[in-house]
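Have a look at the structure below before the remarks.
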There are 2 protein chains.
Amino acid sequence: MQDIARKVGVSPMTVSRALRDGTSVNTQTREAIRQAVEELGYVFDSTAANLRQQRTGFVAVTIPSINNANFADTVRGLSDGLKVHGLQPLLGYTDYDIDQEEALVEQLLRRRPEAIVVTGGQHTPRCRRLLESAGIPVVEIWDLPGQPVGHVVGFSNAAAAGMLIDHLVSTGRTRIAFIGGEAGRDSRGADRRAGFIAAMQRHGLDATRLIAAGVPPVSMLEGAAATRALLQQAPDTDAVLCVSDLVAFGALTECQRLGIAVPDQMAIAGFGNYEVAEICVPPLTTVNPFPEQIGRQTAATLLSLLGLSADNLPQNSKISPELLVRASTLS
Amino acid sequence: MQDIARKVGVSPMTVSRALRDGTSVNTQTREAIRQAVEELGYVFDSTAANLRQQRTGFVAVTIPSINNANFADTVRGLSDGLKVHGLQPLLGYTDYDIDQEEALVEQLLRRRPEAIVVTGGQHTPRCRRLLESAGIPVVEIWDLPGQPVGHVVGFSNAAAAGMLIDHLVSTGRTRIAFIGGEAGRDSRGADRRAGFIAAMQRHGLDATRLIAAGVPPVSMLEGAAATRALLQQAPDTDAVLCVSDLVAFGALTECQRLGIAVPDQMAIAGFGNYEVAEICVPPLTTVNPFPEQIGRQTAATLLSLLGLSADNLPQNSKISPELLVRASTLS
DNA sequence: GTGAAAGCGCTAACAA
DNA sequence: TTGTTAGCGCTTTCAC
């Protein structure tokens with residue numbers, strides 16, 4: 001700024017003013033400064049401004065995996081909602097591991113974000129403490145934690161799984177299996193599994209057809225392998241609920257390879273409303289958790305909490321996932 | 001730090017030292033400081049350190065879309081490679097638009113990253129100038145620009161498309177179509193399209209079966225719609241090359257819905273080696289551009305350029321995409 | 001509309 | 001091993 005000030009013949013303070021909107025600077029002076037900026041190739045140093053203003057414009061965001069269309073949609077909704085107000089997401093991923101989450105949260109907080117968004121409601125004790133004492137808005141998403149740290153934009157994964165089981169049972173299926181990741185890591189997956197068990201018991205059905213398909217994120221190939229295992233262990237299974245549409249699609253392809261008719265011999269349901277579930281043949285019954293809406297709503301919540309928006313939103317927004325019944329479960 | 005210094009009875013400078021590794025501080029003093037940090041819930045302020053040290057630990061990264069498994073894999077490889085050296089990616093997406101790229105690059109440079117990675121080699125003139133004069137290493141990835149700004153980790157999208165056409169022609173296909181996004185936005189997609197045309201002409205074949213499937217990112221549903229359009233316009237088509245596996249999968253499902261046998265009546269090839277292409281029935285012929293390797297190699301290049309690694313890498317790494325021939329093109 | 005002084009929270013450099 | 005001084009590049013505050 002000093003270089004520009006010298007060049008234009010003003011003080012650095014005037015340059016600082018000219019570079020911001022809503023400040024009173026002589027129009028010609030401002031224009032001259034704009035020009036000098038271009039000529040000198042000056043790029044504003046926001047690290048210095050951040051320190052002085054004690055505002056970084058960062059919103060820290062942790063997601064389990066960057067390579068997941070559901071979370072990517074959430075990040076997009078969040079990003080787009082924040083961008084208008086000059087806020088920028090500072091993204092990190094945890095690999096579905098709460099110890100990595102702790103390390104990540106600590107690292108992110110050092111950057112002095114103005115708010116933090118974490119996926120899930122399960123944290124290490126130290127991570128919880130860090131979040132609580134950070135002195136910034138905290139939003140937990142994609143879950144409905146029993147003891148939320150701050151605000152919540154999410155839904156019950158267990159209840160959503162229950163919806164799918166209710167549907168399967170209502171269409172006459174009784175020997176229903178669940179394919180998911182190994183317990184303990186992906187807490188949303190674990191909740192869906194718990195929701196499966198609870199719903200099955202509610203219907204008086206056997207809830208022991210549980211297949212662990214590997215370490216989260218469980219994907220299409222593992223879904224196919226798990227389906228093979230399932231059909232060996234329990235060949236009379238007539239329906240399978242998968243922890244995600246990706247796993248469900250893997251199951252569908254395995255059935256196709258094995259000559260098992262879907263939905264006639266086997267009903268398949270997934271979770272997440274991934275694009276593949278809509279377009280595959282037959283299309284997969286699933287639940288839409290509205291990932292992008294989670295992001296947008298989180299952005300709205302944050303803007304309200306940060307006093308950047310007039311709307312006074314309800315700061316805990318429950319998302320209502322939608323059951324999408326498609327041909328994969330309709331015989 | 002002053003609070004901690006007071007509490008422990010040392011100067012802030014000693015606290016600063018105690019909080020870093022490789023500094024000489026009395027073991028007991030260091031321990032006392034660690035404890036005071038915990039008790040007071042102090043979190044290091046890296047914005048201040050960044051300003052003082054003129055080092056942020058950020059590496060700016062632009063990708064076209066966050067919701068794309070290929071780019072996500074690249075980001076993961078890059079992230080993991082940088083993490084070990086304390087560098088953190090600062091991610092933004094351009095929506096396949098070079099004007100948005102310009103705005104994003106400018107915004108990212110204000111954060112004073114230590115290097116910048118941009119996807120693609122096509123930029124607005126101003127964006128190019130910004131990158132050139134940023135005074136930090138620049139790496140262009142996923143492409144082989146004619147006039148690179150700095151370093152490159154990529155491959156020729158046109159040549160990769162040519163490999164697929166050569167394969168289709170070698171299996172006897174002649175009436176081959178291309179489905180991609182509307183020209184002008186996704187430059188890698190446009191390169192694949194150009195590679196398709198060049199390869200077809202090389203084989204003396206008609207290269208006019210070009211279907212535009214909408215604004216990038218083109219996805220499964222649009223791939224299916226484009227396939228319907230293709231079959232109306234040119235029902236005698238015997239093979240189709242798609243700009244990505246996602247589009248190709250959409251095409252496959254459309255053929256299934258229309259009762260067109262793949263590969264017997266129609267060969268389908270994609271691009272990117274997405275998981276869906278490996279597992280679907282029949283699996284899709286594609287090209288693997290090794291997205292995660294692009295990320296890892298970019299990280300290695302940067303570490304070398306930043307003097308953080310001893311290896312003196314060749315700083316322009318050409319990735320060699322691999323042709324994966326699968327059942328979707330083998331009749 | 002403009003400028004001077006001070007300081008955000010850290011650390012490099014030097015001194016002890 | 002520890003402390004003092006100065007300053008990173010901005011912006012707040014106050015004065016003119």
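A quick note: this is a predicted structure, and the numbers were derived from the prediction, not measured. A note on names: the letters A, B, ... follow the listed sequences, proteins ahead of strands, and every chain is numbered from 1.
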* Roughly how many Å is it from CD1 in A:I33 to C1' in C:dT2, rounded to a whole number? -> 11 Å
* Sugar-phosphate only, base, or nothing, as touched by B:S46 at under 4.0 Å among non-hydrogen atoms -> nothing
* To the nearest angstrom, how far is B:L109 atom CG from D:dG9 atom P? -> 16 Å
* Whole angstrom value for the distance that separates C1' of D:dT1 from CD of B:Q28 -> 13 Å
* Length of the line joining A:R6:CZ and C:dG3:P, which is rounded to integer Å -> 14 Å
* **Candidates D:dA6, D:dT12, D:dG9 - which lies nearest the side chain of A:M13** => D:dT12
* Asked: Hey, does the side chain of A:R20 come within less than 4.0 Å of D:dT12's phosphate (OP1/OP2), counting only N and O?
  -> yes
* To do: May I ask you to verify if any side-chain N or O of A:T29 is less than 4.0 angstrom from the OP1 or OP2 atom of C:dT2?
  => yes
* Is the distance from OP1 or OP2 of D:dC8 to the nearest side-chain N or O of B:Q53 less than 4.0 Å? -> no
* Distance in angstrom units between B:Q2 CD and C:dG9 C1', rounded -> 9 Å
* Could you give the distance from CD (A:Q88) to OG (A:S79), rounded to the nearest 0.5 Å? -> 8.5 Å
* To do: Using the closest heavy atom to pick a nucleotide of DNA chain D for each, name whichever of A:F44 or B:T27 lands nearer the 5' end.
  => B:T27
* Other residues, nucleotides, ligands: >12 heavy atoms within 6.0 Å of B:K318 NZ -> no
* **Carboxylate-amine/guanidinium contact B:R34 B:E39, below 4.0 Å** => no
* Does A:R128 come within less than 4.0 Å of A:E132, counting only side-chain N to carboxylate O? -> yes
* Report the distance from atom CZ of A:R112 to atom C1' of C:dC8, rounded to the nearest whole Å. => 12 Å
* Within 45° cone and under 6.0 Å: A:R111 NZ/CZ vs B:F58 ring -> yes
* For A:R110 and C:dC10, what is the distance between atoms CZ and C1' respectively, to the nearest whole Å? -> 12 Å
* Find out whether the Lys NZ or Arg CZ of A:R296 is both under 6.0 angstrom from the six-membered ring centre of A:F290 and within 45° of the ring's axis. => no
* Asked: Do the side-chain N or O atoms of B:S16 get closer than 4.0 angstrom to the phosphate oxygens (OP1, OP2) of C:dC10?
  -> no
* Look at the side chain of A:L51 and decide which nucleotide, out of C:dC10, D:dC10, C:dC8, has an atom nearest to it. => C:dC8
* Asked: Can you tell me if the side-chain N/O atoms of B:S11 get under 4.0 Å from OP1 or OP2 in D:dT2?
  -> no
* Looking only at side-chain N and O atoms, does A:Y42 come under 4.0 Å of OP1 or OP2 in D:dG9? -> no
* **C:dG9 OP1/OP2 closer than 4.0 Å to side-chain N/O of A:Q54** => yes
* To do: Mind calculating the distance between CE (A:M1) and C1' (C:dA4) to the nearest angstrom?
  => 16 Å
* To do: Scan B:R17 against the nucleic acid and name what it touches under 4.0 Å (heavy atoms): base, sugar-phosphate only, or nothing.
  => base
* Please determine if a side-chain N or O atom of A:S24 lies less than 4.0 Å away from the OP1 or OP2 oxygen of C:dG1. => yes
* At under 4.0 Å, does any side-chain N or O of B:T14 touch on OP1 or OP2 of D:dG3? -> yes
